[in-house]
Amino acid sequence: MTDIEKPTNFIQQVISADLDAGRVDSVVTRFPPEPNGYLHIGHAKSICLNFGLAQQFGGVCNLRFDDTNPEKEDDEYVQAIIEDVRWLGFDWAGEPKFASDYFGQLYSWAQHLIHEGKAYICELNAEQMREYRGTLTEVGKNSPYRERPVEESLELLEQMKVGAVDEGTMTLRAKIDMQSPNINMRDPVMYRIKKMAHHRTGDTWNIYPSYDFAHGQEDAIEGVTHSVCTLEFAANRPLYEWFTNNLPLPSTPHQYEFGRLNLNYTVTSKRKLKQLVDENHVDGWDDPRMPTISGLRRRGVTSAAVREFCDSLAVAKTDGIVDLAQFEHFIRDDLNETARRAMCVLNPLKITLSNYVKGKEELLSAAGHPNRDDLPARQLPFGREIYIDHSDFSEDTSLSRKKFKRLVIGDYVRLRGAYVIRADQVIRDSHDQIVEIIGSYVPDTVGENPPEGIRPRGVIHWVSATNSVDCDLYLYENLFTEAAPDAGEGSFIDHLNPQSLKIVKNCKAELGLGDAVVGQQYQFEREGYYCLDGKHSSAEKLVFNRTINLR
RNA sequence: UGGGGCGUCGCCAAGUGGUUAAGGCACCGGGUUUUGAUCCCGGCAUCGGAGGUUCGAAUCCUCCCGCCCCAGCCA
């Protein structure tokens with residue numbers, strides 16, 4: 001890929017040291033999403049990191065669903081996440097794993113802690129628990145149930161489990177330290193009652209383990225050596241270690257935190273993305289304006305571009321905001337290399353070449369890519385009537401050649417892959433609008449320089465007026481007008497860009513685009529990168545999404 | 001405010017006492033070009049602040065300033 005050596009990040013350094021010192025034999029990582037929403041670009045960074053680490057060190061990476069809270073979880077998300085991780089190009093060891101597969105084991109570990117006098121059933125309600133917890137500056141105080149006999153807690157936990165206890169009236173808590181300066185250590189909840197069906201375990205359970213009581217143990221069960229998560233979990237690490245140190249686990253995983261990805265002009269929080277979907281500000285989770293993996297895919301962004309972008313990001317403990325331009329750079333970089341070239345006129349203006357034989361049509365051949373001969377050449381029908389874009393014509397003959405490299409009355413321009421032509425006359429309708437240009441072509445200029453004295457101003461794209469396909473183009477802009485949509489007063493919704501979608505109808509595309517397929521990227525020369533939209537396209541109507549414009 | 005974490009070019013970031021302080025993005029010049037694209041050349045920081053240690057500090061020490069995270073029976 002790159003001949004410049006990429007510096008190693010702090011996690012790679014830790015792993016190397018662990019390997020060298022013999023603390024671990026082989027590396028095991030995991031990507032642990034909760035199936036309560038769709039994956040987004042921020043997750044992509046974590047996916048590339050975790051799977052990448054495993055690849056680099058010859059280890060494995062698990063895909064594990066952290067489904068400890070049935071409230072917002074659903075199998076729909078499980079399936080979507082599996083599809084997205086695959087699309088990104090990664091594969092996991094064995095079947096996907098689920099926290100819910102370990103509910104039984106977790107339960108007996110909870111009993112173990114009670115036996116050891118390190119956990120107890122607490123009957124404080126949510127509000128009381130908050131009061132007892134203390135604040136950032138004041139220590140908490142012990143729950144009156146803290147010294148409850150072991151047997152009683154054991155029995156109560158069983159009652160909670162079978163559904164004999166009302167929600168919100170009891171919890172299982174770890175007995176740690178209500179005086180701890182780290183609030184997470186003030187007797188955190190291990191189990192809470194939720195009489196709710198789980199998308200995988202059905203109504204087997206009436207209690208569900210909390211993130212803190214589950215995560216490290218899940219890691220230990222799977223033999224995860226390096227449990228990589230984002231910065232906001234740093235304060236949970238002492239708790240993670242408390243559980244791994246106080247339980248008879250099959251292995252001892254360690255947690256490391258890195259800074260999550262933030263992109264300007266973008267929101268990446270499942271809650272906010274869900275709101276955009278639920279309130280119909282976008283066309284679903286896979287709306288091409290969404291920063292979701294499925295949205296990027298539908299937009300035409302390649303998985304290679306996402307991977308390259310993620311690999312370009314530093315894995316560090318700083319929480320910066322990456323410029324969207326950096327992502328766009330990698331999108332263009334990949335697309336420039338891989339996208340097939342084609343021509344499409346967005347705002348058609350007809351040109352009749354008066355010296356071209358009426359009824360004649362020839363087939364010109366154009367390269368599929370300027371510097372790749374492995375992509376098939378295109379056949380472009382050429383005739384007396386063609387379309388160019390309105391913006392590529394001007395009547396203003398005073399425009400300098402340097403400033404306007406397009407068609408001007410009385411001057412020449414090169415039609416890309418075809419002839420050099422000249423504009424001779426403008427035809428207007430009754431409203432004084434330009435409707436057609438009468439021009440002429442210079443014979444023998446296909447692939448050849450024009451005769452002495454004829455200097456085309458530039459090269460413009462075109463399409464046959466009689467032999468082309470119609471299509472609609474969906475042009476996307478940033479979803480938000482503010483670089484930091486969630487900053488400041490008000491809701492991020494207030495900063496939605498009303499111009500984020502512009503639909504251009506009845507564009508004229510070169511004939512071959514009639515065979516465009518979903519998943520194939522194109523560069524409409526001089527316009528941008530486009531791909532067929534799987535949702536809006538049909539046999540009668542071609543719809544292309546603009547992935548991104550050219551620079 | 002208690003605890004945890006972080007401050008190097010407009011943005012991301014390498015740097016682990018001796019470097020002319022990498023690189024990418026963005027931006028600005030110039031060249032090539034049948035895409036005003038790509039490509040190619042060139043330009044673009046003294047390291048949050050103040051002291052100190054040292055022959056020598058972005059790197060070590062002290063104090064100060066700023067930003068982020070934690071007070072869900074969310075993850």
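Here is the naming used below: chain letters follow the sequence lines, and residue numbers restart at 1 for every chain.
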- Reckon Leu313(A) touches a base, only the sugar-phosphate, or nothing at all at heavy-atom distances under 4.0 Å? nothing
- C1' gap between A13(B) and G7(B), integer Å: 13 Å
- With rounding to whole Å, what would you report as the distance between A45(B) and C61(B) at their P atoms? 29 Å
- With a non-hydrogen cut-off below 4.0 angstrom, is Arg173(A) in contact with a base, only sugar-phosphate, or nothing? nothing
- Query: Rounding to the closest angstrom, what is the interatomic distance between C6(B) and C47(B) at atom C1'?
  - Reply: 15 Å
- Query: What distance, rounded to whole Å, do you find between the two P atoms, one in A37(B) and one in C25(B)?
  - Reply: 16 Å
- Check whether any side-chain nitrogen or oxygen of Arg260(A) sits under 4.0 Å from OP1 or OP2 of A75(B), and answer yes or no. no
- Query: From the list A75(B), G24(B), C70(B), which nucleotide is the closest neighbour of the side chain of Ile183(A)?
  - Reply: C70(B)
- Using purine N1 to pyrimidine N3 plus N6-O4 or O6-N4 for Watson-Crick, or N1-O2 and O6-N3 for G-U wobble, both under 3.5 Å, which nucleotide pairs with A13(B)? none
- Query: Arg260(A) pairs by side-chain contact (heavy atoms from CB on, under 4.5 Å) with which of Lys45(A), His43(A), Glu232(A)?
  - Reply: Glu232(A)
- Item | Nucleotide G2(B), atom P - distance to CG of Asp177(A) in whole Å | 18 Å
- C60(B) pairs with which nucleotide, Watson-Crick or G-U wobble, both distances below 3.5 Å? G52(B)
- Query: Quick one: is His461(A) getting a side-chain N or O under 4.0 Å of the U35(B) phosphate, OP1 or OP2?
  - Reply: no
- Message: Please compare Asn336(A) and Glu525(A) by the position of their nearest nucleotide in RNA chain B and report the one closer to 5'.
- Response: Glu525(A)
- Run the numbers on Asp219(A) and Tyr240(A) for side-chain hydrogen bond (donor to acceptor under 3.5 Å, both in side chains), then give the verdict. CA-CA 10 Å; Asp219(A) 287 338; Tyr240(A) 181 102; 2.7 Å; yes
- Note on the structure: Per atom distances to the Asn184(A) side chain, the nearest of C70(B), A13(B), C25(B) is C70(B)
- Determine the contact category for Glu448(A): base if any of its heavy atoms lies under 4.0 Å from a base atom, sugar-phosphate if only primed atoms, P, OP1 or OP2 are that close, otherwise nothing. base
- Item | Closest listed nucleotide, where the reference is the side chain of Ala325(A) and the choices are U35(B), C73(B), C25(B) | C25(B)
- Have a look at Arg186(A) and say if it touches a base, only the backbone sugar-phosphate, or nothing, with a 4.0 Å heavy-atom cut-off. nothing
- Item | Check ion pair Glu222(A)-Lys97(A) (N to O, under 4.0 angstrom) | no
- Taking the side chain of Phe233(A) as its heavy atoms from C-beta onward, which of A75(B), A71(B), C73(B) lies nearest to it? A75(B)
- Query: Picking from C11(B), C6(B), G2(B), which would you name as closest to the side chain of Gln326(A)?
  - Reply: C11(B)
- Can you tell me how far P in A21(B) sits from the matching atom in U34(B), rounded to whole Å? 43 Å
- Note on the structure: Ranking C73(B), G24(B), U16(B) by distance to the side chain of Gln13(A), first place goes to U16(B)
- Message: Counting the atoms with a prime plus P, OP1 and OP2 as sugar-phosphate, which does Gly140(A) contact under 4.0 Å by heavy atoms, base, sugar-phosphate, or nothing?
- Response: nothing
- Ignoring hydrogens and angles, are the base of U35(B) and the side chain of Glu527(A) linked by a donor-acceptor pair under 3.5 Å? no
- Message: Using a heavy-atom cut-off of 4.0 Å across all strands, would you classify Thr445(A) as base, sugar-phosphate, or nothing?
- Response: base
- Query: Would Glu527(A) and Arg546(A) pass as an ion pair if we require N to O under 4.0 Å?
  - Reply: no
- Task: Find the partner of U33(B): check Watson-Crick (N1-N3 plus N6-O4 or O6-N4) and G-U wobble (N1-O2, O6-N3) distances, both under 3.5 Å, and reply none if neither fits.
- Result: none
- Does the side chain of Arg526(A) get closer than 4.0 angstrom to OP1 or OP2 of G36(B) through an N or O atom? yes
- Between Asp389(A) and Arg406(A), is the closest basic N to carboxylate O distance under 4.0 Å? no
- Item | Side chain Arg551(A) and base G36(B) donor-acceptor under 3.5 Å | no
- Task: Name the nucleic acid region contacted by Asp212(A), choosing base, sugar-phosphate or nothing; use a 4.0 angstrom heavy-atom cut-off, strictly under.
- Result: nothing
- Could you tell me whether the phosphate oxygens of C74(B), OP1 or OP2, come under 4.0 Å of any side-chain nitrogen or oxygen in Ser210(A)? no
- Message: Quick check on RNA chain B: between Pro181(A) and Pro209(A), whose nearest nucleotide comes earlier from the 5' end?
- Response: Pro181(A)
- Task: Would you mind telling me which of A75(B), C68(B), G36(B) lies closest to the side-chain atoms of Arg192(A)?
- Result: A75(B)
- Message: Roughly how many Å apart are G42(B) and G48(B), using the C1' atom of each and rounding to a whole number?
- Response: 32 Å
- Is G72(B) syn or is it anti, if syn means the base angle is within 90 degrees of 0? syn
- Taking only Lys NZ, Arg NE, NH1 and NH2, and the carboxylate oxygens of Asp or Glu, determine whether Asp101(A) and Arg200(A) approach each other closer than 4.0 Å. yes
- Message: Check this one for me: any side-chain N or O of Arg457(A) less than 4.0 Å away from OP1 or OP2 of U34(B)?
- Response: no
- Give one of base, sugar-phosphate or nothing for Arg133(A), where a contact means two heavy atoms less than 4.0 Å apart. sugar-phosphate
- Query: Looking only at atom C1', what distance separates G56(B) and U46(B), rounded to whole Å?
  - Reply: 15 Å
- Under 3.5 Å, is there a donor-acceptor pair between the His215(A) and Arg30(A) side chains? yes
- Query: Under the criterion side-chain contact (heavy atoms from CB on, under 4.5 Å), which of Met190(A), Glu123(A), Met129(A) is the partner of Thr171(A)?
  - Reply: Met129(A)
- Which nucleotide, C68(B), G24(B), U34(B), lies nearest any side-chain atom of Asp319(A)? C68(B)
- Can you check whether Lys402(A) has a side-chain N or O nearer than 4.0 Å to OP1 or OP2 of G36(B)? no
- Only one of Arg271(A), Lys270(A), Lys274(A) passes side chain to side chain donor-acceptor pair (under 3.5 Å) with Asn36(A); say which it is. Lys270(A)
- Sort out the partner of C27(B) for me: Watson-Crick or G-U wobble, both distances under 3.5 Å, none otherwise. G43(B)
- Could you work out the separation of U8(B) and A14(B) based on their C1' atoms and round it to a whole Å? 10 Å
- Nearest to side-chain heavy atoms of Thr68(A), which nucleotide of A75(B), U35(B), A71(B): A75(B)
- Task: Determine whether the aromatic ring centres of Tyr530(A) and Tyr522(A) lie less than 6.0 Å apart.
- Result: no
- So what does Leu263(A) touch, heavy atoms closer than 4.0 Å: a base, only the sugar-phosphate, or nothing? nothing
- Nucleotide opposite G2(B) in a Watson-Crick or G-U pair, distances under 3.5 Å: C70(B)
- Ignoring hydrogens and angles, does a donor from either the side chain of Glu138(A) or the base of U1(B) sit under 3.5 Å from an acceptor on the other? no
- If you check the Lys317(A) side chain, which of G5(B), G72(B), C11(B) turns out closest? G5(B)
- Message: Please tell me if Ser312(A) has a side-chain N or O lying less than 4.0 Å from either OP1 or OP2 of C12(B).
- Response: no
- Message: Under 4.0 Å, heavy atoms only, any strand: does Val413(A) hit a base, just the sugar-phosphate, or nothing?
- Response: nothing
- Determine the contact category for Lys270(A): base if any of its heavy atoms lies under 4.0 Å from a base atom, sugar-phosphate if only primed atoms, P, OP1 or OP2 are that close, otherwise nothing. nothing
- Reckon Arg332(A) has a side-chain N or O less than 4.0 Å from the OP1 or OP2 of C25(B)? no
- In Watson-Crick or G-U wobble terms, with both distances under 3.5 Å, the base opposite G7(B) is C65(B)
- Query: Looking for any heavy atom pair under 4.0 Å, which part of the strands does Gly320(A) touch: base, sugar-phosphate only, or nothing?
  - Reply: sugar-phosphate
